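Just below is one structure, and these are the notes that go with it.
Quick caveat: nothing in here was measured; it's all calculated off a predicted structure. Hydrogens, waters and symmetry mates are skipped; everything else that's a heavy atom, side chains included, is used.
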Amino acid sequence: MKRMFMAIVMLFLSLGLKAETDSLTISGTLTGLEKNKVVISFTDENGKNQYLSAQGVNDRFVVHIPAQHQPVAARLSVSLPYNPSAGHEMPRPPFNFFIWNKDLAIQGKASTIISLKVRGDAENNLYNELVQETAGGELRYQELLQQMINSKSKLSSIDSAAQSEEIHKISMENYKRQKDFVRAHPDAFASVFLLSRMENLYSADHYVEAWKSLAPTYKNTALGQGIQKSVDKLTPTLAGTPVFAFERLDKDGKKVSTELLKGKTYLLDFWGSWCGPCRASHPHLKELYKKYSNKGFEIVAIAQERGKTLDESKASWLKAIKDDQINWVHILNQDGIEKQNIVKMFHISAFPTKILIDSNGKILVRVTSSATDDIDKALERIYGL
């Protein structure tokens, strides 16, 4: 009887322990929250989207969330009332943090949630150090964007350029800090989280290198598996790989091929007339072309258009070329795609993507979204200026 009693006690204790670890509590005090709602969203370890909310009470909130067997990335946002005096308000960026198996405490201001402080486990504690380091720049970045939206009079070209330059500088400084964090903390879940959002901020080779340098601890998480898929996509076009052979007619009916390009250094620019960042990169490409074309440098632009018919695609493509005054070699991927899909061949999934090929027909650099200066540096090394 005594043994049976002890067995029952142990059973209840184990059930109690299980209940304690099945959920965690996220609580916080956000100045200015008052009675407004806090929303926490994340994709759990089973790939299911979770969306939980709590009503604020005197600036405080409490949310109970299922514990996870591995860390997952979460977002916190607040539903504050619209302020007419603020003009056209930008959507407030969410606060990023991690959910795992321990209770968390969050503090800060409801109006500036991107700089909240979170404490509770080692992963959040470490990542939040980076959040606090970059908070000043992030808040200034949001302020500048809001100013641009609410500017009642059009900014002068000088003021606009100065504002754009400050925005760019802040972005570059924060990107550098994030990359430094990844390099310094190869065993942190935060490094996996950052890399999952930063593919376009590295060249392909540097991104793959950054991923390989991480410890295996969190590589099998959902975020880690997503990065691995990106790495697998990039691997066939890393530096030193022979360029994939292609042959097409350009916009003027002239044959363009890797065979004819042998001996030249050239840039494959994957773009589209519909792609704002692609066209925003054209002024810089024109500078590079002017600087190096007399030394044999060529640009081969490969457009992926969205017209319902080939004629529609050709029309939008040719108009963009004329409007942007980009006078180099142009190929339309849809024109001949049934024989060879160049975009698919080079594993292009984001625009713009630029791939620099050396005079031996081998890939030197691949970048997406023109977010790095690796191509500029490579050309400087090749031509000595």
Side-chain angles (χ1 to χ4, degrees), residues 203-205 236-273 275 277-305 313-314 317-337 339-348 350-385:
S203 70
D205 284 84
T237 54
L238 294 182
T241 306
V243 65
F244 301 130
F246 64 87
E247 181 178 313
R248 283 294 182 85
L249 297 180
D250 70 5
K251 70 179 181 66
D252 300 315
K254 296 179 181 178
K255 187 166 80 170
V256 181
S257 70
T258 46
E259 186 66 26
L260 292 173
L261 288 164
K262 273 186 177 178
K264 280 181 172 288
T265 296
Y266 59 97
L267 182 71
L268 299 178
D269 178 30
F270 293 89
W271 74 294
S273 65
C275 170
C278 299
R279 300 183 67 170
S281 73
H282 286 162
H284 183 62
L285 286 185
K286 289 163 79 171
E287 291 176 7
L288 293 179
Y289 197 64
K290 181 179 180 180
K291 187 175 182 180
Y292 299 117
S293 60
N294 63 351
K295 297 183 177 296
F297 174 64
E298 188 57 84
I299 297 176
V300 179
I302 302 168
Q304 179 72 27
E305 291 299 313
S313 291
K314 281 185 176 180
W317 171 56
L318 293 172
K319 183 178 185 303
I321 292 170
K322 181 179 179 181
D323 290 347
D324 292 1
Q325 298 179 23
I326 43 177
N327 302 313
W328 39 74
V329 178
H330 287 280
I331 293 171
L332 178 62
N333 190 47
Q334 280 92 335
D335 192 4
I337 196 171
K339 293 182 180 179
Q340 189 179 51
N341 187 334
I342 305 177
V343 168
K344 185 176 181 180
M345 180 193 306
F346 282 89
H347 304 273
I348 306 299
F351 296 84
T353 291
K354 296 172 171 52
I355 302 176
L356 185 64
I357 314 298
D358 70 13
S359 58
N360 296 314
K362 292 186 177 181
I363 293 172
L364 281 174
V365 181
R366 172 178 175 149
V367 300
T368 300
S369 296
S370 306
T372 78
D373 59 357
D374 292 85
I375 287 174
D376 297 57
K377 289 179 178 178
L379 290 173
E380 287 172 4
R381 288 194 297 271
I382 291 168
Y383 296 112
L385 56 105

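- Within the 3.5 Å criterion, the main-chain N or O of T237 finds no donor-acceptor partner in the side chain of T241.
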Where do L249 and D335 land on the side chain to side chain contact (heavy atoms under 4.5 Å, CB included) test, with the steps shown first?
-> CA-CA 9 Å; L249 297 180; D335 192 4; over 6 Å; no

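- Contact between L285 and L267 at its shortest, heavy atoms only, is CD2-CD2, 3.7 Å.
- Shortest non-hydrogen contact noted between C278 and P352 is SG-N, 3.4 Å.
- The salt bridge (charged side-chain N to carboxylate O under 4.0 Å, His left out) test applied to E259 returns K262, not counting sequence neighbours.
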Which side-chain N or O atoms in residues 319-331 pair as donor and acceptor under 3.5 Å with protein atoms at least two apart or in another chain?
from: K319; atom 1: NZ; to: D323; atom 2: OD2; distance (Å): 2.7
from: D324; atom 1: OD1; to: R279; atom 2: NH2; distance (Å): 2.9
from: D324; atom 1: OD2; to: R279; atom 2: NE; distance (Å): 3.0
from: D324; atom 1: OD2; to: H282; atom 2: ND1; distance (Å): 2.8
from: H330; atom 1: NE2; to: I326; atom 2: O; distance (Å): 2.7

Distance-only criterion, 3.5 Å: show the donor-acceptor pairs between side-chain atoms of residues 375-385 and protein atoms not counting sequence neighbours.
from: D376; atom 1: OD1; to: H284; atom 2: NE2; distance (Å): 3.3
from: D376; atom 1: OD2; to: H284; atom 2: NE2; distance (Å): 2.6

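- The distance from atom CG of N341 to atom CZ of F246, rounded to the nearest 0.5 Å, is 13.0 Å.
- Side-chain contact annotation: T368 with T353, donor-acceptor N/O pair under 3.5 Å present.
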Please report the C-alpha distance between L261 and I357 in whole Å, then the side-chain angles of each, then the deciding distance to 0.1 Å, and finally whether the side chain to side chain contact (heavy atoms under 4.5 Å, CB included) criterion is met.
-> CA-CA 10 Å; L261 288 164; I357 314 298; over 6 Å; no

Starting from the C-alpha separation in whole Å, work towards a yes-or-no answer on side chain to side chain contact (heavy atoms under 4.5 Å, CB included) for L268 and R366.
-> CA-CA 9 Å; L268 299 178; R366 172 178 175 149; over 6 Å; no

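- What you find for S203 and T372 is that their closest heavy atoms are N-CG2, 4.1 Å.
- Under a 3.5 Å cut-off, the side chain of N333 and the backbone N or O of I342 do form a donor-acceptor pair.
- Residues satisfying the side-chain contact (heavy atoms from CB on, under 4.5 Å) criterion with A303, sequence neighbours excluded, are W271, E305, W317, L332.
- Between atom OG of residue S281 and atom NZ of residue K286 there is a gap of 11.5 Å, rounded to the nearest 0.5 Å.
- Shown here for A239 and D205, the closest heavy-atom pair between the two residues is N-OD1, 3.0 Å.
- Within the model, atoms NZ of K264 and OG1 of T258 stand 14.5 Å from one another, a figure rounded to the nearest 0.5 Å.
- Residue pairs satisfying the side-chain hydrogen bond (donor to acceptor under 3.5 Å, both in side chains) criterion with at least one member in residues 243-255, sequence neighbours excluded, are absent.
- Among residues two or more places apart in sequence or in another chain, the ring-ring contact (aromatic ring centres under 6.0 Å, His included) test is passed with F346 by F244, F270.
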